[in-house]
Protein chains: 2
Amino acid sequence: MDKNELNEEEMRIWHLWKGSFQSIFGRVVKEMSEHTGLSEGDYAVLDRLVLFGNGSLRQQELADSMDWDKSRLSHHLTRMEKRGLVTRKPLDTDRGVQVIITSAGKSALDEAHPIAAKAIRKYFLDQLTDQDMESITKLAERTKTGNSASSETPPP
Amino acid sequence: MDKNELNEEEMRIWHLWKGSFQSIFGRVVKEMSEHTGLSEGDYAVLDRLVLFGNGSLRQQELADSMDWDKSRLSHHLTRMEKRGLVTRKPLDTDRGVQVIITSAGKSALDEAHPIAAKAIRKYFLDQLTDQDMESITKLAERTKTGNSASSETPPP
DNA sequence: ATAGCATGGTTGACGTGTCAACCACAATAT
DNA sequence: ATATTGTGGTTGACACGTCAACCATGCTAT
């Protein structure tokens, strides 16, 4: 096999894998955002705030738990703050910032949960065989890097 | 099982699947763009131009083959044109537009091919067992929609 | 004291994506 | 003649992501 190009079979696998992920994931995300007004990022932020911080986390912890860099999170929180989903409060102990979910954010999250669950079932889980699940699990283990902070059940 | 929420196991599978795709795909794309200056979209456009059109296609055909809407493609081509990777020429038969790869575009594509192949091998193919491949193939078949135009070997 | 560095964040510029509105023109329908 | 619909594409606004530069502050080493 020439290491510098892919044969038919290799291409096929790569594109099937890429294609099914993007198609399935796209449908889930679209259904979520259409029915809740929350983007994937919004949902991830809100879910972590209540799951890991009981409603608030410092910005750096939030960034780590999502594997987002600080800049991305800063921009995203600015947009979310503008929409009233979260608040930011500077800490005095430290130069850190505390991110706090608002009641509007909490409501949005509560509404989003069942919708996300249904979409994930419909487009993903219902299509999986036991073999698929085993395969997914093992591949994830095999390709895991120093996957630090994401040890608990994170959002979609 | 409550249809309105996901249990631990369902969550776990969903996040493993999402996580490994994004991690692997991210590494491939990053390696490609770092070593070639082409984004995933650039590469996809250029590859289809030569593969399906021997160097040129009308814009609508290109859009269909990539499953991009016309607006997305229009914006992307504007940027690519600015960088000298493609040219656009209006057709007189029709109100269509012909998209033509430039020699710079062709060179960039030629350089990108082996780099893409190596990255896809390193981060994806080398990690797959036969069972994974079977699983990927079957899941793709199971979730396929009216998948119209993308019948041939498309780029990353 | 002061220079260097790490921490925690913000900002601006720019590439990428999506949506809705628009435009030019042709083919039909009323 | 005038309106409707379809085709093929552009445009502007705005959400999202990434990168590099910046800022304030505190810690360490000289």
Side-chain angles (χ1 to χ4, degrees), chain A residues 22-23 25-27 29-34 36-46 56-100 108 149 156, chain B residues 22-23 25-27 29-34 36-46 56-100 108 149 156:
Chain A
Q22 290 178 342
S23 158
F25 190 72
R27 287 177 235 176
V29 165
K30 192 170 178 197
E31 191 140 318
M32 276 223 12
S33 74
E34 271 170 6
T36 70
L38 296 181
S39 71
E40 207 218 329
D42 299 336
Y43 185 71
V45 166
L46 297 178
S56 93
L57 284 173
R58 22 185 328 163
Q59 200 161 316
Q60 189 57 59
E61 292 172 337
L62 188 51
D64 291 345
S65 82
M66 301 204 290
D67 207 32
W68 281 13
D69 70 28
K70 53 186 183 168
S71 169
R72 179 176 178 184
L73 183 58
S74 180
H75 283 306
H76 202 94
L77 289 179
T78 300
R79 292 187 297 260
M80 290 181 73
E81 210 172 2
K82 211 168 297 175
R83 291 191 292 142
L85 297 169
V86 297
T87 306
R88 275 190 279 201
K89 182 158 48 171
L91 299 176
D92 20 317
T93 60
D94 182 88
R95 253 130 324 285
V97 168
Q98 193 78 9
V99 183
I100 306 152
Chain B
Q22 289 177 342
S23 159
F25 190 71
R27 287 177 234 177
V29 164
K30 192 171 179 196
E31 192 140 318
M32 277 223 11
S33 74
E34 270 170 7
T36 69
L38 296 181
S39 71
E40 207 218 328
D42 300 336
Y43 185 72
V45 165
L46 296 178
S56 92
L57 284 173
R58 29 185 323 166
Q59 200 161 315
Q60 189 57 60
E61 292 172 337
L62 188 51
D64 291 345
S65 82
M66 300 204 291
D67 206 33
W68 281 12
D69 71 29
K70 53 187 184 167
S71 169
R72 178 176 179 184
L73 182 58
S74 180
H75 283 306
H76 202 96
L77 289 178
T78 299
R79 294 187 298 260
M80 290 182 74
E81 211 172 2
K82 211 168 296 174
R83 290 191 292 143
L85 297 170
V86 297
T87 306
R88 275 192 277 200
K89 183 157 48 169
L91 299 177
D92 18 319
T93 60
D94 183 89
R95 254 137 321 288
V97 167
Q98 194 76 9
V99 183
I100 306 153

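The analysis underlying the following values was restricted to heavy atoms, covering all of them including side chains, and did not include hydrogens, waters or symmetry mates. By convention in this document, chain letters (A, B, ...) are assigned in the order of the sequence lines, proteins followed by strands, and residues within each chain are numbered from 1.
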| task | Can you sort out the partners of Glu31(A) under side chain to side chain contact (heavy atoms under 4.5 Å, CB included), two or more places apart, ordered by chain and number? | result | His35(A), Ala119(A), Lys122(A), Tyr123(A)
| query | Quick one: side chain to side chain contact (heavy atoms under 4.5 Å, CB included) partners of Ser33(A), sequence neighbours excluded? | reply | none
Protein-nucleotide distance ([X], atom [atom1]; [N], atom [atom2]), rounded to Å:
X        : N       : atom1 : atom2 : result
Glu40(A) : dG17(D) : CD    : P     : 8 Å
Arg83(B) : dC14(C) : CZ    : C1'   : 12 Å
Met80(B) : dC14(C) : CE    : P     : 20 Å
Leu38(B) : dT16(C) : CG    : C1'   : 15 Å
Asp64(B) : dG8(D)  : CG    : C1'   : 11 Å
Asp92(A) : dT25(D) : CG    : P     : 14 Å
His76(B) : dG15(C) : NE2   : P     : 11 Å
Leu57(A) : dG8(C)  : CG    : P     : 14 Å

Are any protein N/O atoms closer than 3.5 Å to N/O atoms in nucleotides 9-12 of chain C? If there are, list each pair with its distance.
from, atom 1, to, atom 2, distance (Å)
dG9(C), OP1, Val97(A), N, 2.5
dG9(C), OP1, Val97(A), O, 3.4
dG9(C), OP2, Gln60(A), N, 3.0
dG9(C), N7, Lys70(A), NZ, 2.7
dG9(C), O6, Lys70(A), NZ, 2.5
dT10(C), OP1, Arg88(A), NH1, 3.4
dT10(C), OP2, Gln59(A), NE2, 2.8
dT10(C), OP2, Ser74(A), OG, 2.7
dT10(C), OP2, Arg88(A), NH1, 3.0
dT11(C), O4, Ser71(A), OG, 2.9
dG12(C), O6, His75(A), NE2, 2.8

| task | List in chain and number order the residues that pass salt bridge (charged side-chain N to carboxylate O under 4.0 Å, His left out) with Arg58(A), two or more places apart in sequence or in another chain; answer none if no residue qualifies. | result | Asp94(A)
| Check: Met32(B) main-chain N/O paired with Thr36(B) side-chain donor or acceptor under 3.5 Å | yes
| said: Among residues at least two apart in sequence or on other chains, which ones pass side-chain hydrogen bond (donor to acceptor under 3.5 Å, both in side chains) with Arg83(B)? | reply: Asp42(B)
For residues 84-91 of chain A, tabulate all N or O donor-acceptor pairs below 3.5 Å that involve a side-chain atom, not counting sequence neighbours.
from, atom 1, to, atom 2, distance (Å)
Arg88(A), NE, Glu81(A), OE1, 3.2
Arg88(A), NH2, Thr78(A), OG1, 2.8
Arg88(A), NH2, Glu81(A), OE1, 3.3

| 5'-most contact on DNA chain C: Asp42(B) or Glu34(A), nearest heavy atom basis? | Asp42(B)
